[in-house]
Amino acid sequence: VALGARFESTLAGASAGAEWALAELYRDLHPALLRYLESQRPGEGEDLASETWIGIAEALHRFEGDEAAFRRFAFTIARRRLLDARRRQARRRTDVVPSAWFAGLGAPEESETEALAGLSTSAALARLADLPSDQAEVVLLRVLGGLDAREVALVTGKAPGTVRVLQHRALRRLASLLVQEGVTP
Amino acid sequence: VSGLGDFPEVERTLIDVETADGLLSRRVGAEDLPAEYQAVAALLEAVRAPARPEELASTTETVTAMARVRSRTTMTTTPRRGRMQLTHVRRRTAALVAGALLAATAATATAALPDAAADAARTVLETLGISPPNATTPSGANERPSGSQAENGKGAEISELALTTELEGVEKGAAISTAASDGKSQAGQHGNAGAATPNAGGSETADAASGGASAKGTDVADAASGGASAAGAANAETHPAAAAAAGGQSHRP
């Protein structure tokens, strides 16, 4: 909870179109939304995040709830934009490859020498992207969205038990990958 | 990676579902985890790291676009609470109108129902606080005019009957007498009683039974018809068969 007691007045201001309030919501949530979207759709995160914020602005007058509910609301909209992008891609039948992927081709040894103490957010997100997509999504929503298993279940349309199983498997797999690579904290 | 079986050191130290949940929600710290999961905890913290400046580079333009959307949305939509209140008022009004129509229909139907059904319907309507009309009296009979207005009304009715009926003789007199006495007079229904004063008795009885309305009706009928109304009575008195038929017919109320 980042805004805390200020959330209610900020939300009211944002709903009325006050730029200071919209900016406060944006600064609080945008990094998490961007990381979630970029991790799920590399190279499209910024565009999808912009679409998400426009969607939030359009639906703001319908929202009622506290800050935790607002985070869930925002990530639900972000996830819809993500699904829209996947559908568009399915129609296009081409894959977008982010430039970062090509940049990484020339230095395979970096991941082996990388110490977690200096692990960047981008590298951490890249590790999560190695997980199966449903496991990665659950972990991202838990960690970036600050949602609990029940809320993730609501956002993704899965059963809470399924979410718990997916997150458990995801952490086990991550541990295995990091041990294999010799990455230590 | 083919599976966890490739990493026996991780297999040995599997964390349970609750610990995994605690790690994701920061309820379980890195120090409480097996060594193999320390790196996982560090990775998750890196994912949560504070915002970098480049991540907020487009704040101004996005916020401006959002403010534009908000002002457009605010102008074109009623606030949710206002819409809900409006919908509520509309629903209540529709319910009241529907209820009033239903009550009116039910009350009308009750008046026309058979006795048993009417009683049941009346009970229901009275429970709902609705007064149905009295089924035993015809519509409009609940508010009877009083005094001379009532008598004039009845007289006009008798006059109309006298002028328009196709009956003649005893039947005509009997019909008028019956109407004037509200059915108390049974003139013409019991044959010839052989009374000496056949027609006068019926008239008197009809007059008495109707509280004088019959006589007034006859007067009005006479006046309105220019004497034609009296023809029936005259016929009854002068025609032998009619006189015989009328004799004693109205001796009983």
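All figures in this text were calculated on a predicted structure; none of them were measured in a lab. Order of the sequence lines sets the chain letters (A, B, ...), proteins ahead of strands, with each chain counted from 1. The figures that follow rest on heavy atoms only: side chains count, while hydrogens, waters and symmetry mates do not.
Of all heavy-atom pairs spanning B:Val47 and A:Ala124, the tightest one is CG2-CB, 3.7 Å.
Note on A:His30, A:Arg164, A:Arg35, A:Glu58: by heavy-atom pairs under 4.5 Å with chain B, the leading option is A:Arg35. Between chain B and the options A:Ala57, A:Gly146, A:Gly45, the largest number of non-hydrogen pairs under 4.5 Å is found for A:Ala57. When B:Glu55, B:Glu61, B:Glu45 are compared by the number of non-hydrogen pairs under 4.5 Å with chain A, B:Glu55 comes out ahead. Looking only at heavy-atom pairs under 4.5 Å with chain B, the residue among A:Ile54, A:Leu125, A:Leu25 that has the most is A:Ile54.
Under a cut-off of 6.0 angstrom, the local environment of CZ in A:Arg169 is sparse, with at most 12 non-hydrogen atoms contributed by other residues, nucleotides or ligands.
Rounding to the nearest 0.5 Å gives a distance of 10.5 Å between CG of B:Leu24 and CG of A:Leu140. A:Arg62 CZ to B:Thr73 OG1: the interatomic distance, rounded to the nearest 0.5 Å, is 9.0 Å. In this structure, A:His168 NE2 and B:Asp21 CG are separated by 10.5 Å, a value rounded to the nearest 0.5 Å.
Neither the backbone nor the side chain of B:Ser71 comes within contact range of chain A; no heavy atoms are under 4.5 Å apart. For A:Leu22, the parts lying near chain B are the backbone and the side chain together; criterion is any non-hydrogen pair under 4.5 Å. Neither the backbone nor the side chain of A:Ala170 has a heavy atom closer than 4.5 Å to any heavy atom of chain B. For B:Ser58, the parts lying under 4.5 angstrom from a heavy atom of chain A are both the backbone and the side chain. Within the 4.5 angstrom heavy-atom criterion, only side-chain atoms of B:Glu18, from C-beta onward, approach chain A. Residue B:Arg26 does not touch chain A at all, counting heavy-atom pairs closer than 4.5 Å. Only the side chain of A:Leu34 comes within less than 4.5 Å of a heavy atom of chain B; its backbone N, CA, C and O stay farther away. Neither the backbone nor the side chain of A:Ser39 comes within less than 4.5 Å of any heavy atom of chain B.
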Stepwise side-chain contact (heavy atoms from CB on, under 4.5 Å) check, B:Val69 with A:Leu60 | CA-CA 10 Å; B:Val69 169; A:Leu60 209 49; over 6 Å; no

Can you check side-chain contact (heavy atoms from CB on, under 4.5 Å) on B:Met66 and A:Glu19, steps first, answer last?
-> CA-CA 8 Å; B:Met66 288 169 69; A:Glu19 290 200 12; over 6 Å; no

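Side-chain contact check for B:Arg52 versus A:Ser120: every heavy-atom pair is 4.5 Å or farther apart. The shortest distance between side-chain heavy atoms of B:Val63 and A:Trp53 does not fall below 4.5 Å. In this structure, the side chains of A:Leu171 and B:Thr19 stay at 4.5 Å or more apart for every pair of heavy atoms. Side-chain contact between A:Leu178 and B:Glu36 is absent, with no heavy atoms from C-beta onward closer than 4.5 Å. With a 4.5 Å cut-off on side-chain heavy atoms, A:Leu128 and B:Leu43 count as touching. At a threshold of 4.5 Å between non-hydrogen side-chain atoms, the residues A:Val165 and B:Val17 do not count as touching.
Using modelled atom types, no side-chain atom of B:Arg70 and backbone atom of A:Ala16 make a donor-acceptor pair closer than 3.5 Å.
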